[in-house]
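The next block holds one structure in the form of structure tokens; read it before the comments.
None of these values were measured; they are calculated from a predicted model. All chains are named by letter (A, B, ...) in the order of the sequence lines, taking the proteins before the strands, and each is independently numbered beginning at 1.
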2 protein chains.
Amino acid sequence: MKSMGKPTINDVARLAGVSKKTVSRVINRSPLLNGETRAKVEKVIADIGYVPNVQARALALRRNFLVGLIHDNPNAQMVMNVQAGILEAIRDTEFELIVRPIDRGSSTMLADVKNFLERQRLYGVLILPPVSENDMLAEVCREIGCRYVRMGSTTLDTPEHMVASNDSEVVREAINHLISLGHTRIGLIAGPHGFRSARERRKGFEEAVAAAGIKLPRSLIADGNYTFETGLAAADRLLDLSPRPTAIFASNDEMAAASLHAARRRGMNVPDDLSIIGFDDTAIASHIWPPMTTVHWPIISMARSAALKLLADFFGDDLASEEPSMFPSTLIHRASVAPPRRD
Amino acid sequence: MKSMGKPTINDVARLAGVSKKTVSRVINRSPLLNGETRAKVEKVIADIGYVPNVQARALALRRNFLVGLIHDNPNAQMVMNVQAGILEAIRDTEFELIVRPIDRGSSTMLADVKNFLERQRLYGVLILPPVSENDMLAEVCREIGCRYVRMGSTTLDTPEHMVASNDSEVVREAINHLISLGHTRIGLIAGPHGFRSARERRKGFEEAVAAAGIKLPRSLIADGNYTFETGLAAADRLLDLSPRPTAIFASNDEMAAASLHAARRRGMNVPDDLSIIGFDDTAIASHIWPPMTTVHWPIISMARSAALKLLADFFGDDLASEEPSMFPSTLIHRASVAPPRRD
DNA sequence: TTGTATGCGTTATCAC
DNA sequence: GTGATAACGCATACAA
């Protein structure tokens, strides 16, 4: 009896009276296999509790059954949501999730990622914004032959490599809502330059304002960095203006929460003295007081779908490859918006 | 020239005129090696850009260079913080992080984890609360021979397998602070039964109240589940009481934020009508208005330290094994606490 | 449909 | 100190 330790494919083959290759075929669901043989092998596998060795398999296949998540410090809640979506997609499969944060400013970023992908030989990677907007990164994946799917705020790649939302459109809708309520002095807290999502959201804002024939002084646009602190500074700049804006659209929830914070710090009332709309619909939006009107960004669904796309040829194309590539965001009405106060 | 694709250990051996094993010794820093031979091999490695194949290595060593994170749905911010801490510890090493959420109610949980560990052959795993409190899980790790470090709110294991905080102690301090301000009707929103952290925090609360000679009607303790929604319900129950509590200690920030939400929904003012203290010091605590007094739980440091402990024998014991096992939490004073209003 | 021989790239054994 | 050879456990090519 050589069956020390964990049973291997050899043990199964010996006990079932077949060759290793046959066992291998059973495991990999080869279609051309006698039903009886298959049943016999499967019984042995179940009996002795055989589990294929992933390392050996990875070596032979030159490929791991790991899904990578590449991201560059967007906010915590978003990364968690994405992870939740991916994990939902790979639940009950043999895939596992490996997390890889990178430093988008770093000059060695591309080389780092390349190194990472070559070393780990992942089955595929999901790339989050904002790094997902970097075309060279996608090019690296293609070069190496690593599957990839990018997430973003607008279409960046072909459908099988992309899952996107329609940010500019939904922001237009949000701003129109403010305008229809009577707001004309609306401030924008923009996201960081270079972020496609920031550009798209700003574009939607500017288009809506322009379409309504409202002229937009440059001072009503304050730059933020998607963080609470920069949001606070931007909101303060906006609220120092005279006349003050009666509404603020912040390019993400953190900065929107910061606007609320800044307003209340000055003793202002939301929404009576100031209406606020955020973007993302993260937990904080519904947890703060008053509950905040915001754009629901279907990040979990997007991530799940992206993961399914990534695994399309594993699942056999039928389902996964038909995953949608566009996920419309929607405006969620809560309590941080009201008509402007009559002066 | 057989050097297609990526260079292997064979290429290095051939070019350097030595055997594979010698190259292997260089890679693994074997002490018994001629300095000249080593230099020669290292030059070739650098010249052709050889990188060891992790899959082959994993197969031969029966062990991967992966660190696992096992957790069961604590809040998002906490998981992200832990990931940040781990990633900080393994930055610039060959280790990668693999994330594994599990279902603590599931009857197959232990088997699932065992399966996961046996399949992936991780270098080690970090276990987050509340599952970290499950001794059988640790036993599974030991059985399999997988390194592990548990995180928790009190000592659960030997120092090399444990990183803990002193929850009951710091909660006592927090409650004493309320009492010193003149509060005598203090409500507790407890965490879920079965969570050690919940028990520790409740213990600290009860001890402080008892020590001050305050009698604690059962009605002043409301059960929550560490989620915003259950916090909301618990806070409502507390605020429906007559007389109302003048202060609430919530066992985590989410429930504390919910208490603030509930109070403001009734038109109450925080801290004038109600003082609130939370636990964790997650982002929401400082982002909401008023900024919330809470207990800072040094989760990132704990996670980093836990990861270093896990990698202790890889790094060579000197540094990592001296990582502290106890991380004291501290009370952060912000604006959600004030003396009780005179009736 | 099934079996045989061989490769994947590393580490371990045990000689020299 | 160093090298030949055998694991490690699975998949692929090609035969049968």
Side-chain angles (χ1 to χ4, degrees), chain A residues 2-42 44-45 48-66 94 118-121 123 145 314, chain B residues 2-42 44-45 48-66 94 118-121 123 145 314:
Chain A
K2 197 172 166 281
S3 65
M4 299 284 298
K6 296 183 57 179
T8 75
I9 198 170
N10 288 306
D11 299 324
V12 177
R14 184 164 35 74
L15 263 47
V18 297
S19 75
K20 291 165 58 168
K21 181 56 201 171
T22 301
V23 179
S24 175
R25 288 201 180 90
V26 172
I27 296 168
N28 297 316
R29 301 196 190 75
S30 165
L32 24 81
L33 236 178
N34 185 324
E36 247 175 78
T37 317
R38 171 188 301 278
K40 186 171 59 180
V41 173
E42 278 174 344
V44 174
I45 289 180
I48 68 176
Y50 164 72
V51 177
N53 179 305
V54 293
Q55 283 75 29
R57 211 213 271 236
L59 178 57
L61 284 176
R62 289 175 207 74
R63 161 161 300 160
N64 241 312
F65 280 38
L66 296 174
E94 51 200 313
E118 285 184 337
R119 280 176 60 89
Q120 299 303 133
R121 307 206 185 213
Y123 189 87
F314 177 80
Chain B
K2 195 171 167 281
S3 65
M4 300 282 300
K6 296 182 56 178
T8 76
I9 198 170
N10 288 306
D11 299 324
V12 178
R14 184 165 34 76
L15 263 47
V18 298
S19 75
K20 292 163 59 166
K21 183 57 196 172
T22 299
V23 178
S24 176
R25 287 199 180 93
V26 172
I27 297 168
N28 297 314
R29 301 195 189 78
S30 166
L32 24 81
L33 237 178
N34 185 324
E36 247 175 79
T37 318
R38 171 188 301 279
K40 188 170 57 181
V41 172
E42 277 173 345
V44 174
I45 289 180
I48 67 176
Y50 163 71
V51 177
N53 178 306
V54 293
Q55 283 76 30
R57 204 186 332 199
L59 178 56
L61 284 175
R62 290 176 208 72
R63 162 161 299 160
N64 241 313
F65 280 39
L66 296 175
E94 52 200 314
E118 285 184 337
R119 280 176 59 88
Q120 299 303 134
R121 308 208 185 209
Y123 189 87
F314 176 80

- Under 4.0 Å between any heavy atoms, over every strand shown, what does A:L61 touch: base, sugar-phosphate, or nothing? Just pick one. sugar-phosphate

- Task: Taking only the side-chain heavy atoms of A:A56 (C-beta and beyond), determine which of D:dG3, D:dC10, C:dT10 contains the nearest atom.
- Result: D:dC10

- Query: Over how many whole Å does the gap from B:R119 atom CZ to D:dG9 atom C1' extend?
  - Reply: 14 Å

- Figure out the CZ/C1' separation between B:R63 and C:dT10, and round it to whole Å. 16 Å

- Task: For B:V54, report the nucleic acid contact type (base, sugar-phosphate, nothing); a contact means any heavy atom under 4.0 Å.
- Result: nothing

- Query: Between atom CZ in B:R57 and atom C1' in D:dC8, what is the gap in whole Å?
  - Reply: 15 Å

- Side-chain touch B:Y50/B:I27, heavy atoms, less than 4.5 angstrom: yes

- Query: Quick one: does A:R62 reach the base of C:dG7 with a side-chain donor-acceptor pair under 3.5 Å?
  - Reply: no

- If only side-chain N and O atoms of A:T37 are considered, is one of them under 4.0 Å from the OP1 or OP2 phosphate oxygen of C:dT2? yes

- Atom-to-atom span, NZ of A:K40 to P of C:dT1 - whole angstrom: 15 Å

- Task: Can you check whether any acceptor in the base of D:dA4 is under 3.5 Å from a donor in the side chain of B:K21, or vice versa?
- Result: no

- Item | Side chain of A:L59 - closest among D:dG3, C:dT10, C:dC8 | C:dC8

- Message: Please classify the nucleic acid contact of A:V23 as base, sugar-phosphate, or nothing, using heavy-atom distances under 4.0 Å.
- Response: nothing

- Message: Taking the side chain as everything from C-beta on, heavy atoms only, tell me whether A:R62 gets closer than 4.5 Å to B:N53.
- Response: no

- Is there a side-chain contact between B:Y123 and B:E94 (heavy atoms, below 4.5 Å)? no

- Message: Rounding to an integer number of Å, can you tell me how far B:R29 CZ sits from C:dT11 P?
- Response: 12 Å

- Message: Rounding to an integer number of Å, can you tell me how far B:I9 CD1 sits from C:dT11 C1'?
- Response: 8 Å

- Task: May I ask you to verify if any side-chain N or O of B:N10 is less than 4.0 angstrom from the OP1 or OP2 atom of C:dG9?
- Result: no

- Query: For C:dC8, does OP1 or OP2 lie under 4.0 Å from any side-chain N or O of B:N53?
  - Reply: no

- Query: For A:A60 and B:S24, take the nucleotide of DNA chain C holding the closest heavy atom to each; which residue's nucleotide lies nearer the 5' end?
  - Reply: A:A60

- Any side-chain N or O of B:T22 under 4.0 Å from OP1/OP2 of D:dG3? yes

- Task: Could you check how far CD1 of B:I27 sits from P of D:dT2, rounded to whole Å?
- Result: 15 Å

- Message: Do A:V18 and A:K40 make a side-chain contact, defined as non-hydrogen atoms from C-beta onward lying under 4.5 Å apart?
- Response: yes

- Query: Think B:S19 has a side-chain N or O under 4.0 angstrom from the OP1 or OP2 of D:dA4?
  - Reply: no

- Query: For the pair made of CD in A:Q55 and P in D:dG9, what is the distance, rounded to whole Å?
  - Reply: 10 Å

- Give a yes/no answer on whether the side chain of A:R25 brings an N or O atom under 4.0 Å of OP1 or OP2 in C:dT1. no

- Query: Can you list the steps and then say if B:T8 with B:K20 is a side chain to side chain contact (heavy atoms under 4.5 Å, CB included)?
  - Reply: CA-CA 10 Å; B:T8 76; B:K20 292 163 59 166; over 6 Å; no

- Distance from A:N34 atom CG to A:R25 atom CZ, nearest 0.5 Å? 12.0 Å

